[in-house]
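Numbers here are sequence positions counted from 1. Only heavy atoms go into these numbers, but all of them, side chains included; no hydrogens, no water, no symmetry mates. Counting starts at 1 for both ligands and their atoms, in listed order.
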Amino acid sequence: MKRATLLVLLALGLAVAAESRAADPAVRIAAHRGGAGLWPEASLLAFRQALALGVDCLEFDLHMTRDGELVVIHDATLDRTTTAQGAVRDLTLGQLAPARIRARDGSVTDEPVPTLAAVLDLAAPAAVGLLPEIKVGPDGTPYPGIEAKVLALLRARGVLGRAVVQAFEGSTLRRLLALEPTARTMLLVGRARLQRERAAPREAVRWAQEVGATDLGIDHRIVDAALVAEARTAGIRISVFTVNEEQDLRRMLELRVDAVMTDRPDLAKRLFGR
Ligand code: G3P
Ligand code: CA
């Protein structure tokens, strides 16, 4: 065989290999609440450890204090995960400052409830994706102006381009997109909404499109190959929560979802061969 023919065949082979890699991207691993199965939930310690482990993304939840500061905590109230009590929205940042996060065994750590600014300061120098979720108050009402504050901080830290802002409420994402149409957003859909609306799983893809979201985040138990294909056809990326068991992580890997949110990023890394 002539040398030129060999070179053409080699080039073709490389092109095919590159295309197959593009069609088979890695499933990204997001440390859910910083990796709450390993470290104190949503603490700076957890986010630091997750970065050291080499996760692709940090997932965390946002609430707003009485004086308009954004803090990273899952619940609208402090009771479950910290030494303090009451609703975040009823306390100023100063009043919240003495609260300490409880470890998984209930013991008290030295970790305060972090501000969004502190988490972004930690994440900004690392090449990590961000999945901030805008939550609502204890009665389900939105925090006034929270979308603008989230955008301002993401912009100020130069990380808006690698953030996908999540919310269960489509109205939250619509407000955010009205302020920043280029933002990447993820509509979250749980089993409760599908049951309440007696909707088939593929409706979740349509709901994400309706609010203008780029991504759908959905309970992994709802996801199958048909739903992943539906999302791909619609041009919607699909992430799944919260995937902590080995068999579920393996299933999501096989389905080639875009990202898994997991409390056990260490397990996901091992199973995904990373
Ligand atoms: O953001 C995805 C997932 O975290 C939603 O559930 O309750 O853990 O915020 P939750
Ligand atoms: Ca969340």
Side-chain angles (χ1 to χ4, degrees), residues 27-43 46-47 50 55-64 70-82 87-88 101 104 113-114 116 119-120 123 128-140 142-143 146-147 150 154 162-173 176 183-196 201 204 207-208 211 213-223 227 231 236-245 248-249 252 257-265 268:
V27 175
R28 284 154 67 81
I29 299 169
H32 183 250
R33 306 183 197 174
L38 300 172
W39 307 296
E41 178 175 319
S43 61
F47 295 118
V55 301
D56 301 304
C57 305
L58 299 178
E59 193 275 345
F60 50 88
D61 307 284
L62 300 172
H63 290 271
M64 197 161 85
L70 298 179
V71 289
V72 173
I73 182 170
H74 176 268
D75 300 0
T77 56
L78 295 154
D79 306 46
R80 180 180 62 86
T81 57
T82 82
V88 173
I101 296 175
R104 285 166 49 76
V113 175
L116 173 58
V119 172
L120 296 185
V128 70
L130 299 170
L131 299 178
E133 181 188 343
I134 298 179
K135 293 287 195 189
V136 291
D139 57 356
Y143 296 102
I146 190 169
E147 299 84 9
V150 171
L154 292 173
R162 51 184 156 112
V164 187
V165 182
Q166 322 167 72
F168 279 99
E169 295 74 21
S171 50
T172 299
L173 298 185
L176 187 116
R184 228 178 115 183
T185 53
M186 182 186 295
L187 181 72
L188 297 172
V189 175
R191 294 203 294 190
R193 179 171 178 188
L194 286 168
Q195 280 160 9
R196 196 172 57 243
W207 295 336
V211 299
T214 50
D215 293 55
L216 170 67
I218 191 160
D219 187 316
H220 69 94
R221 293 167 292 188
I222 297 163
V223 177
L227 185 65
I236 296 282
R237 292 190 186 89
I238 185 163
S239 293
V240 287
F241 62 86
T242 305
V243 198
N244 294 334
E245 301 300 327
D248 297 327
L249 283 163
M252 293 304 110
V257 296
D258 290 291
V260 292
M261 301 188 222
T262 176
D263 295 328
R264 290 291 312 275

Quiz item: Do Leu131 and Phe60 pass the side chain to side chain contact (heavy atoms under 4.5 Å, CB included) test, and can you show the C-alpha distance, the side-chain angles, and the key distance before you say yes or no?
Solution: CA-CA 6 Å; Leu131 299 178; Phe60 50 88; over 6 Å; no
Quiz item: Can you check whether Val72's main-chain N or O pairs, donor with acceptor, with His63's side chain at less than 3.5 Å?
Solution: no
Quiz item: Counting each atom of ligand 1 from 1 as listed, which ones have a heavy atom of His32 under 4.0 Å away?
Solution: 3 (C), 4 (O), 8 (O)
Exercise. Report, in ascending order of atom number, the atoms of ligand 1 lying under 4.0 Å from any heavy atom of Arg33.
Key: 7 (O), 8 (O), 10 (P)
Quiz item: Which atoms from ligand 1 have a heavy atom of His74 less than 4.0 Å away?
Solution: 7 (O), 8 (O), 9 (O), 10 (P)
Quiz item: With only distance considered, is Glu59 within less than 3.5 Å of ligand 1 through an N or O on each side?
Solution: yes
Quiz item: Can we say Arg184 and Asp215 salt-bridge, meaning some charged N sits less than 4.0 Å from an Asp/Glu carboxylate O?
Solution: yes
Self-check item: Check: His32 ring centroid to Phe241 ring centroid under 6.0 Å
Solution: no
Quiz item: Would you say Asp258's side chain and Ile238's backbone share a donor-acceptor pair under 3.5 angstrom?
Solution: yes
Quiz item: Which protein N, O or S atoms sit under 3.0 Å from the Ca ion (ligand 2)?
Solution: Glu59 OE2, Asp61 OD1, Glu133 OE1
Exercise. Give, for atom OG of Ser239 and atom CD of Gln166, the distance between the pair rounded to the nearest 0.5 Å.
Key: 8.0 Å
Quiz item: In terms of side-chain geometry, is the basic nitrogen of Glu245 or Arg264 positioned less than 4.0 Å from the acidic oxygen of its partner?
Solution: no
Quiz item: For atom 9 (O) of ligand 1, what is the nearest protein heavy atom, given as residue, atom name and distance?
Solution: Lys135 NZ, 2.8 Å
Exercise. Answer yes or no: is there a donor N or O on one side and an acceptor on the other, between the side chain of Thr81 and the main chain of Ile101, under 3.5 Å?
Key: no
Quiz item: Okay, side chain of Arg162, backbone of Val128: is any donor-acceptor separation there less than 3.5 Å?
Solution: yes
Quiz item: Quick one: does NZ or CZ of Arg33 land under 6.0 Å from the six-membered ring centre of Trp39, within 45 degrees of the ring axis?
Solution: no
Quiz prompt | Atom indices of ligand 1, in the order listed, that fall short of 4.0 Å to a heavy atom of Glu133 | solution = 1 (O), 4 (O), 5 (C), 9 (O)
Exercise. Could you check atom 2 (C) of ligand 1 against the protein and tell me its nearest heavy-atom contact, residue, atom and distance included?
Key: Gln166 OE1, 3.3 Å
Exercise. Pick one of side chain, backbone, both or neither for how Leu131 approaches ligand 1, counting any non-hydrogen atom pair under 4.0 Å.
Key: neither
